[in-house]
Amino acid sequence: MRLLVAEDEPLLASQLKAALESAGYVVDVAADGPDALHQGLSEPYDLVVLDLGLPGRDGLSVLRAWRESGRQVPVLILTARDNWHDKVAGIDAGADDYLTKPFHLEELQARVRALLRRAGGHASPEIRCGPLLLDTRQSRLLLDDVPLELTSHEYRVLAYLMMHQGEVVSRSQLVEHIYAQDFDRDSNTIEVFIARLRRKIPSELIQTVRGLGYRLDAVPAP
Ligand code: CA
């Protein structure tokens, strides 16, 4: 899952980035409105944390522009304390949830999890696929109730496939959702991660769909 944090206060931005990365997400940061607008239009984020008080172009206007361009990405807005006008305007502009500053990072993480779950059509914080269980609260994957030992990239690939189980996911889609923007991306590494994952979980769970990508599916009962 790849997230955009649009926040101009450097300390808060780095705290948000660190907290979300520790939860297993890849995080890009935009420090002003025009940059946020551009990144949100050009990159396929799974979720955006958007401060409404951004320099250059305010968050509300950025959000409206995304929605007018058809961007459906879940957006969590950050508003100043007691500014209920901002919350109403933000929700009217297409925000999915809001947090009032100051907030606890744990609350932000919980709201992010909930939004990502809902966006993926999952009601529970635990997502199952056959013997696999993705525990989104702990950012871990279990096989037959035993936690899997995964590198951060392996976790991101498998978690993304879990959130999109039953769907064909292309290599480029995986690349876009597991690497940050400034990372040296190489879609060949996806094959390496998939090969490693197939050694750690029952290999038939990840099917190769020739020319299209991969599909994670529970093995039908014999
Ligand atoms: Ca601000």
Side-chain angles (χ1 to χ4, degrees), residues 1-120 125 136-137 139 152 156 159-160 163 175-185:
M1 297 282 139
R2 183 165 163 220
L3 278 52
L4 175 66
V5 168
E7 168 60 62
D8 58 307
E9 291 167 47
L11 179 62
L12 181 56
S14 65
Q15 287 171 338
L16 292 172
K17 182 173 159 72
L20 292 168
E21 283 177 346
S22 77
Y25 309 117
V26 186
V27 181
D28 291 332
V29 174
D32 60 43
D35 193 24
L37 176 66
H38 172 72
Q39 290 198 55
L41 288 177
S42 56
E43 299 293 324
Y45 292 108
D46 296 293
L47 181 140
V48 179
V49 177
L50 177 67
D51 178 33
L52 290 189
L54 288 175
R57 181 166 183 162
D58 70 81
L60 268 183
S61 140
V62 170
L63 177 54
R64 283 197 195 102
W66 286 339
R67 294 309 189 217
E68 279 162 17
S69 320
R71 291 277 149 171
Q72 302 288 321
V73 60
V75 174
L76 171 67
I77 54 172
L78 306 179
T79 68
R81 183 148 55 148
D82 295 335
N83 194 338
W84 64 268
H85 295 279
D86 269 4
K87 292 173 196 159
V88 173
I91 288 163
D92 280 345
D96 299 276
D97 200 357
Y98 65 82
L99 264 178
T100 303
K101 292 180 181 180
F103 50 81
H104 290 284
L105 290 171
E106 289 80 2
E107 182 173 8
L108 174 100
Q109 289 170 322
R111 286 175 185 269
V112 164
R113 283 197 297 273
L115 285 176
L116 286 171
R117 255 188 355 245
R118 271 186 256 148
T136 61
R137 287 167 304 192
S139 305
S152 60
R156 288 172 193 157
Y160 191 85
M163 297 290 277
V175 166
E176 284 172 339
H177 291 267
I178 72 160
Y179 291 125
Q181 199 165 33
D182 50 4
F183 201 88
D184 179 24
R185 299 171 179 193

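Counting starts at 1 for both ligands and their atoms, in listed order. Sequence positions, counted from 1, serve as the residue numbers for this chain.
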Interatomic distance, Asp32 atom CG to Glu7 atom CD [nearest 0.5 angstrom]: 12.0 Å
With rounding to the nearest 0.5 Å, note down the distance linking NE2 in His38 to CZ in Arg57. 13.5 Å
Quick check against the 3.5 Å criterion: does Arg2 have a side-chain atom that pairs as donor or acceptor with the backbone of Tyr179? yes
Between Asp86 and Tyr98, do the side chains contain a donor N or O and an acceptor N or O under 3.5 Å apart? no
Considering residues at least two apart in sequence or located in another chain, which fulfil the salt bridge (charged side-chain N to carboxylate O under 4.0 Å, His left out) criterion with Lys87? none
Listing by chain and number, what protein N/O/S atoms are under 3.0 Å from the Ca ion (ligand 1)? Asp8 OD1, Asp51 OD2, Gly53 O
With a 4.5 Å heavy-atom cut-off, do Leu108 and Arg111 have their side chains touching? no
